[in-house]
Amino acid sequence: MIVIKFGGHAMGTHAQDWMREIATRFSDGEKFVVVHGGGPQIDNELKMRQIEVKMQNGFRVTTPDVMHVVEMVLTGTVLRSAARSLCDVGLPAVGITGSDAQLLEVELKDEQQLGLVGRVVKVNPKILHDLVDMGYLPVVSPVSNAVNGQALNINADLAAGAIAGALRANQMIFLTDVPGIFANWPDRDSLINEISVDDLSAMDFTEGMIPKVEAAVNAVRSGSLSARVIDGKSLSAFQSALLGQGGTWIHA
């Protein structure tokens, strides 16, 4: 089992190419779950509506107006587009959200600072196991509902990491807009090739690296055999990752 998280930056030029790579591996018997983000698409919609885009420590500050856009874009445009594109290359993709069959149980992370941003408390992977066992490829949009029914914005990196752990995936691959995890971002010479989860969790990071690191650590500590952060814009990087190479490799 391989869990793949792709962000909005990975949905560009090479999207169809890396989907074909998945199709090839799928036809050989490999099982996949895909979790998608969509930050650039959300930003574009917010700007069109003249709603402020505000980030804090790598998380999107989510007011009710922002949450409306997040849910509309992720569970509508992006989820449908991702599932359709995977089907176009012959994959039996099925789109679901974190709310479906209570896949993700979530609660508010820090309402005062972040607004309607949630954190994953528990993963109930039965729906994923059922879909995979029936021969489907699940595509997960991370938007989820709290106990009171309120839709919450769940960081896709963290949702993917939690899902990979619950599925005890062989590998969790994060397709991002950078070649891996940097010890001293934005110093490009500080790329970490491989690191243990304990050493990684002991390091300090800033801004966009925070959710990536937290997600990778959580994935491995909760059950995934490994995690790898790669440049999702590079087809060769994705091909290497499927072979267990490249990017930043995080292990126990």
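Each residue takes its place number in the sequence, starting with 1. Hydrogens, waters and symmetry mates play no part in the numbers below; they use all other heavy atoms, side chains included. This structure is a prediction, so every number in the text was calculated from the model and none was measured.
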Item to complete: Compute whether any side-chain donor of one residue and acceptor of the other, for Thr62 and Asn153, lie under 3.5 angstrom apart.
Response: yes

Item to complete: Check whether any side-chain heavy atom of Val106 lies under 4.5 Å from a side-chain heavy atom of Val147, and answer yes or no.
Response: no

Discussion item. Between Leu152 and Ser144, is there a side-chain heavy-atom distance shorter than 4.5 Å?
Written reply: no

Practice prompt. Mind running side chain to side chain contact (heavy atoms under 4.5 Å, CB included) on Arg119 and Leu158 for me, showing each step along the way?
Written response: CA-CA 8 Å; Arg119 69 178 188 89; Leu158 296 177; over 6 Å; no

Worksheet item: What about Val121 and Val217, same hydrophobic cluster or not, with Ile/Leu/Val/Met/Phe/Trp/Tyr joined at side-chain heavy-atom distances under 4.5 Å?
Response: no

Discussion item. Quick check on the hydrophobic clustering: are Val132 and Val123 connected, directly or via other members, by side-chain heavy-atom contacts under 4.5 Å?
Written reply: yes

Worksheet item: Does any N or O in the side chain of Arg228 come within less than 3.5 Å of the main-chain N or O of Gly246, such that one atom is a donor and the other an acceptor?
Response: yes

Discussion item. Nearest 0.5 Å, please: how far is CD1 in Ile192 from CZ in Phe182?
Written reply: 9.5 Å

Discussion item. Using the side-chain hydrogen bond (donor to acceptor under 3.5 Å, both in side chains) criterion, which residues pair with Glu111? Sequence neighbours excluded.
Written reply: none

Fill in: pair Thr77-Gln41: side-chain heavy atoms closer than 4.5 Å
no

Worksheet item: Taking all atoms of both residues into account, what is the closest heavy-atom pair of Gln56 and Val61, and its distance?
Response: CB-CG2, 4.1 Å

Discussion item. Closer than 3.5 angstrom, by distance alone: can the side chain of Asn124 be matched with the main-chain N or O of Gln102 as a donor-acceptor pair?
Written reply: yes

Worksheet item: Any Lys/Arg nitrogen of Arg49 or Glu45 sitting under 4.0 Å from an Asp/Glu carboxylate oxygen of the other?
Response: yes

Worksheet item: Under 3.5 Å, side chain of Asp187 to main-chain N/O of Asn184, donor-acceptor pair present?
Response: no

Fill in: Stepwise side chain to side chain contact (heavy atoms under 4.5 Å, CB included) check, Gln171 with Ser224
CA-CA 6 Å; Gln171 186 172 199; Ser224 179; 5.8 Å; no

Practice prompt. Give the minimum heavy-atom separation between Pro92 and Gly135, together with the two atoms involved.
Written response: CG-O, 3.1 Å

Fill in: Under 3.5 Å donor-acceptor, Thr248 side chain and Gly180 backbone
no

Item to complete: Taking the side chain as every heavy atom from C-beta outward, state whether Val140 and Leu103 have any pair of such atoms under 4.5 Å apart.
Response: yes

Fill in: Main-chain N/O of Met1 paired with Glu30 side-chain donor or acceptor, under 3.5 Å
yes

Discussion item. Any side-chain to backbone donor/acceptor pair from Ser201 onto Asp198? Under 3.5 Å, distance only.
Written reply: yes

Worksheet item: For the hydrophobic clusters of this structure (ILVMFWY residues joined by side-chain heavy atoms under 4.5 Å, transitively), does one cluster hold both Trp249 and Val213?
Response: no

Practice prompt. Mind listing the closest non-hydrogen atom pair of Val35 and Ala156 along with its distance?
Written response: CG1-O, 4.0 Å

Discussion item. Under 4.0 Å between a side-chain nitrogen and a carboxylate oxygen: does that hold for Arg20 and Asp88?
Written reply: no

Worksheet item: Any sub-3.5 Å donor-acceptor pair from Arg25's side-chain atoms to Leu242's backbone N or O?
Response: yes

Discussion item. Val66 vs Ile51, test: side chain to side chain contact (heavy atoms under 4.5 Å, CB included). Steps then yes/no.
Written reply: CA-CA 7 Å; Val66 171; Ile51 300 174; 3.7 Å; yes

Worksheet entry | Residues that Glu71 engages under side-chain contact (heavy atoms from CB on, under 4.5 Å), provided they are two or more places apart | Met67, Thr75, Val143, Ala151

Discussion item. Quick check: is Val33 connected to Leu225 through a chain of hydrophobic side chains (ILVMFWY, heavy atoms under 4.5 Å apart)?
Written reply: no

Response to the item:
Heavy atoms of Ala159 and Ile154 approach each other most closely as CB-CG2, 4.0 Å

Worksheet item: Checking Thr176 side chain against Ile230 main chain: does a donor-acceptor pair fall under 3.5 Å?
Response: yes

Worksheet item: Would you call Phe32 and Pro138 a side-chain contact if the rule is heavy atoms closer than 4.5 Å?
Response: no

Practice prompt. Step through the shown structure and confirm whether more than 12 heavy atoms of other residues, nucleotides or ligands are within 6.0 Å of CE on Met48.
Written response: no

Response to the item:
The reported gap from NE2 in His36 to CD1 in Ile4 (rounded to nearest 0.5 angstrom) is 14.0 Å

Discussion item. Within this structure, what is the CZ-CG distance for the pair Phe238 and Leu175, rounded to the nearest 0.5 Å?
Written reply: 5.5 Å

Practice prompt. Kindly indicate whether the side chain of Ile127, heavy atoms from C-beta on, has any atom under 4.5 Å from the side chain of Ile96.
Written response: yes

Response to the item:
Rounded to the nearest 0.5 angstrom, the CG-OG distance for Leu91 and Ser27 is 8.5 Å

Response to the item:
Tightest non-hydrogen contact, residues Ala252 and Val220, listed as N-CG1, 3.8 Å

Discussion item. Please give me the minimum heavy-atom distance between Gly161 and Ser222, naming the atom from each residue.
Written reply: O-OG, 4.1 Å

Worksheet item: Charged N to carboxylate O below 4.0 Å: is that the case for Asp133 and Lys126?
Response: no

Worksheet entry | Gln150 versus Asn145, side-chain donor and acceptor atoms under 3.5 Å | no

Fill in: Stacked cation flag Lys109 on Phe59, 6.0 angstrom / 45 deg
yes

Worksheet item: Between atom CG of Leu86 and atom CH2 of Trp18, what is the distance when rounded to the nearest 0.5 Å?
Response: 6.0 Å

Worksheet item: Are any non-hydrogen side-chain atoms of Arg60 and Leu116 less than 4.5 angstrom apart?
Response: no

Fill in: Point-to-point distance, once rounded to the nearest 0.5 Å, from CG of Leu167 to CE of Met172
10.5 Å

Worksheet item: Would you say the side chain of Val3 lies within less than 4.5 Å of the side chain of Phe174, judging by non-hydrogen atoms?
Response: no

Worksheet item: Given the rule in the side chain to side chain contact (heavy atoms under 4.5 Å, CB included) test, do Leu200 and Phe205 qualify, once you have shown the distances and angles that lead to the verdict?
Response: CA-CA 10 Å; Leu200 182 63; Phe205 295 90; 3.7 Å; yes

